Peer 1: 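Structure provided below as structure tokens; questions to follow.
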Amino acid sequence: QVQLVESGGGLVQAGGSLRLSCAVSGVISSINAMSWYRQAPGTQRGLVATITRGRFTNYVDSVKGRFTISRDNAKNTLYLQMNSLKPEDTAVYYCNVVRGDGMNYWGQGTQVTVSS
């Protein structure tokens, strides 16, 4: 079975940095895209960043220039480097993998809290 295990969340002050990791275990024959989503209390889960099979990246406007999504195929790990963090970035962050046939896999979520 496929598992996505996140790490790296925590409490930081505004202006600080965090790097989230998502370790993927199990066999996935092909991956169409890997993404980070986030969800704040009372809101719907929203897309933060995506990296495609061809390594093209996309970011929501609010994080562009501050966050960087990347992956290490050898380590089967997805990363989200978050710099210049703002209180508005506070949310539960989720790792997502879309298989080539459209199947979705989700991580358990990791809390990121940015204090002012």
Side-chain angles (χ1 to χ4, degrees):
Q1 61 271 28
V2 175
Q3 283 188 291
L4 280 59
V5 180
E6 300 175 336
S7 61
L11 174 63
V12 298
Q13 291 190 246
S17 298
L18 284 173
R19 188 176 76 158
L20 305 183
S21 299
C22 173
V24 180
S25 63
V27 177
I28 303 180
S29 57
S30 65
I31 295 175
N32 191 48
M34 304 180 76
S35 302
W36 288 96
Y37 288 74
R38 67 186 180 186
Q39 185 171 24
T43 71
Q44 293 186 336
R45 188 176 301 181
L47 179 65
V48 177
T50 296
I51 184 166
T52 69
R53 186 174 184 175
R55 294 191 178 271
F56 294 105
T57 58
N58 295 287
Y59 301 89
V60 67
D61 286 345
S62 60
V63 309
K64 195 170 186 178
R66 299 188 297 120
F67 290 11
T68 302
I69 187 171
S70 63
R71 69 173 188 254
D72 186 331
N73 289 341
K75 299 183 185 297
N76 297 314
T77 302
L78 178 73
Y79 302 99
L80 184 67
Q81 178 67 46
M82 304 184 294
N83 298 326
S84 302
L85 283 162
K86 304 174 180 179
E88 306 93 271
D89 297 317
T90 296
V92 177
Y93 284 70
Y94 297 90
C95 177
N96 170 261
V97 171
V98 179
R99 203 166 66 184
D101 63 358
M103 180 70 179
N104 276 266
Y105 300 92
W106 291 93
Q108 78 286 351
T110 185
Q111 178 71 47
V112 172
T113 302
V114 184
S115 64
S116 58

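Keep in mind the model is a prediction, meaning the values are calculated, not measured.
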Peer 1: Please check if V63 and Y79 belong to a single hydrophobic cluster, counting links between Ile, Leu, Val, Met, Phe, Trp and Tyr side chain heavy atoms closer than 4.5 Å.
Peer 2: no

Peer 1: Check S35, S21, C95 against L78 for a side chain to side chain contact (heavy atoms under 4.5 Å, CB included) and give me the one that passes.
Peer 2: C95

Peer 1: Does M103 share a hydrophobic cluster with V2, counting links as ILVMFWY side-chain heavy atoms below 4.5 Å and allowing steps through other members?
Peer 2: yes

Peer 1: Go through the steps to decide whether Y59 and T68 satisfy the test side-chain contact (heavy atoms from CB on, under 4.5 Å), and finish with yes or no.
Peer 2: CA-CA 8 Å; Y59 301 89; T68 302; 3.8 Å; yes

Peer 1: Taking N76 for its side chain and A74 for its backbone only, find out whether a donor-acceptor pair lies under 3.5 Å.
Peer 2: no

Peer 1: Do the side chains of L80 and L47 join up, straight or via other hydrophobic residues, at under 4.5 Å, putting them in one cluster?
Peer 2: no

Peer 1: What pair of heavy atoms forms the shortest contact from N73 to R55, and how long is it?
Peer 2: ND2-NH2, 2.9 Å

Peer 1: Can you name the nearest heavy-atom pair linking S116 to A14, along with the distance?
Peer 2: CA-CB, 4.4 Å

Peer 1: Which heavy atom of Q81 sits nearest a heavy atom of S17, and at what distance?
Peer 2: NE2-CB, 4.1 Å

Peer 1: Looking at every non-hydrogen atom in both residues, tell me the closest pair between S30 and R53 and how far apart they are.
Peer 2: CB-NH1, 4.1 Å

Peer 1: Minimum heavy-atom separation for Q111 to T90, with atom names?
Peer 2: NE2-CG2, 4.0 Å

Peer 1: As an exercise, state the distance from CG of N104 to CG of N96, rounded to the nearest 0.5 Å.
Peer 2: 5.0 Å

Peer 1: Linking I/L/V/M/F/W/Y whenever any side-chain heavy atoms sit under 4.5 Å apart, do F67 and V60 land together?
Peer 2: yes

Peer 1: State, to 0.1 Å, how close L85 and L18 come at their nearest heavy-atom pair, and which atoms those are.
Peer 2: CD1-N, 3.9 Å

Peer 1: Hey, what's the ring geometry for Y94 with W106, parallel, tilted or perpendicular (30° and 60° as the breaks)?
Peer 2: perpendicular

Peer 1: Would you say that V112 contacts L20 through its side chain, given a criterion of any heavy-atom pair below 4.5 Å between the two side chains?
Peer 2: yes

Peer 1: Between OG1 of T52 and CZ of R71, what distance do you get to the nearest 0.5 Å?
Peer 2: 7.0 Å

Peer 1: Do V97 and V48 land in one hydrophobic cluster if side-chain heavy atoms of ILVMFWY residues count as linked below 4.5 Å?
Peer 2: yes

Peer 1: Would you check if R38 and D89 make a side-chain contact, meaning some heavy-atom pair closer than 4.5 Å?
Peer 2: yes

Peer 1: Output the distance between atom SG (C22) and atom CD (Q108), rounded to the nearest 0.5 Å.
Peer 2: 8.0 Å

Peer 1: For the pair V24 and M34, evaluate side-chain contact (heavy atoms from CB on, under 4.5 Å) and give the outcome as yes or no after the intermediate values.
Peer 2: CA-CA 11 Å; V24 180; M34 304 180 76; 3.9 Å; yes

Peer 1: Please report the C-alpha distance between E6 and V92 in whole Å, then the side-chain angles of each, then the deciding distance to 0.1 Å, and finally whether the side-chain contact (heavy atoms from CB on, under 4.5 Å) criterion is met.
Peer 2: CA-CA 11 Å; E6 300 175 336; V92 177; 6.0 Å; no

Peer 1: How long is the straight-line distance from CD1 of I31 back to CZ of R99, given to the nearest 0.5 Å?
Peer 2: 10.0 Å

